Engineer: 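This is the structure I want to talk about, given as structure tokens.
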Amino acid sequence: RDIFDVKMCDAILANLEGATQLSVGTCMEIQRGYDLGKYVLTVLDLGSPHDHAFVHQASSLVVYTLEEALNYIRVVGLPYSSFPSRVIG
């Protein structure tokens, strides 16, 4: 099911903040997302078991707090308009 979810999603948010043990399953999902060209936003603590070159390489962006990740999603997820809005009247 996890691999199916990775195949079907548009982007992945991997929240590893506060992890004290390595989550091999989450690392596999991050790698599979990378392999499939998904946008992978990873949250981890500096010096955690996940703070490794492989996780950084397979992630599109690594941030260090969930709040930072959610703020990034809010900004990137805003509707895009290539034309400036104008008020007519």
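All of these numbers come straight from a predicted model, not from anything done at the bench.
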Engineer: Out of curiosity, does Leu22 fall in the hydrophobic cluster containing Met28 (side-chain heavy atoms, cut-off under 4.5 Å, transitive links)?
Structural biologist: yes
Engineer: So, does Lys38 use its side chain to make a donor-acceptor pair with the main chain of Lys7 at under 3.5 Å?
Structural biologist: yes
Engineer: Suppose we screen for side chain to side chain contact (heavy atoms under 4.5 Å, CB included). Which residues come up paired with Gln57, at least two apart in sequence or across chains?
Structural biologist: Tyr34
Engineer: With side chains defined as the heavy atoms from C-beta onward, is the minimum distance between Ser60 and Leu41 less than 4.5 Å?
Structural biologist: no
Engineer: Could you measure the distance from the CG atom of Leu44 to the OG atom of Ser59? Nearest 0.5 Å is fine.
Structural biologist: 7.5 Å
Engineer: Hydrophobic clustering (ILVMFWY, side-chain heavy atoms < 4.5 Å, transitive) - are Val63 and Leu46 grouped together?
Structural biologist: no
Engineer: Quick one: salt bridge (Lys or Arg N to Asp or Glu O under 4.0 Å) partners of Arg74, sequence neighbours excluded?
Structural biologist: none
Engineer: Quick check: is Val62 connected to Phe54 through a chain of hydrophobic side chains (ILVMFWY, heavy atoms under 4.5 Å apart)?
Structural biologist: no
Engineer: Which heavy-atom pair separates Ala19 from Pro49 by the least distance, and what is that distance?
Structural biologist: O-CD, 3.8 Å
Engineer: Quick one: does Val43's side chain get under 4.5 Å of Leu16's, heavy atoms only?
Structural biologist: no
Engineer: Are any side-chain N or O atoms of Asp45 and backbone N or O atoms of Glu17, one a donor and one an acceptor, separated by less than 3.5 Å?
Structural biologist: no
Engineer: Looking only at atom types and distance, does a side-chain atom of Ser48 sit under 3.5 Å from a main-chain N or O of His50, one as donor and one as acceptor?
Structural biologist: yes
Engineer: To the closest 0.5 Å, what do you measure between CD (Glu29) and CG (Asp2)?
Structural biologist: 4.5 Å
Engineer: Might you work through the side-chain contact (heavy atoms from CB on, under 4.5 Å) test for Thr26 and Ile30, ending with a clear yes or no?
Structural biologist: CA-CA 6 Å; Thr26 303; Ile30 290 169; 4.2 Å; yes
Engineer: Hey, what's the ring geometry for Tyr39 with Tyr72, parallel, tilted or perpendicular (30° and 60° as the breaks)?
Structural biologist: parallel
Engineer: So which atom in Val55 and which in Cys27 form the shortest heavy-atom distance, rounded to 0.1 Å?
Structural biologist: CG2-SG, 4.1 Å
Engineer: Are the side chain of Thr65 and the backbone of Glu68 linked by a donor-acceptor contact shorter than 3.5 Å?
Structural biologist: yes
Engineer: In Å and rounded to the nearest 0.5 Å, what is the CG to CD1 distance from Leu66 to Ile73?
Structural biologist: 8.0 Å
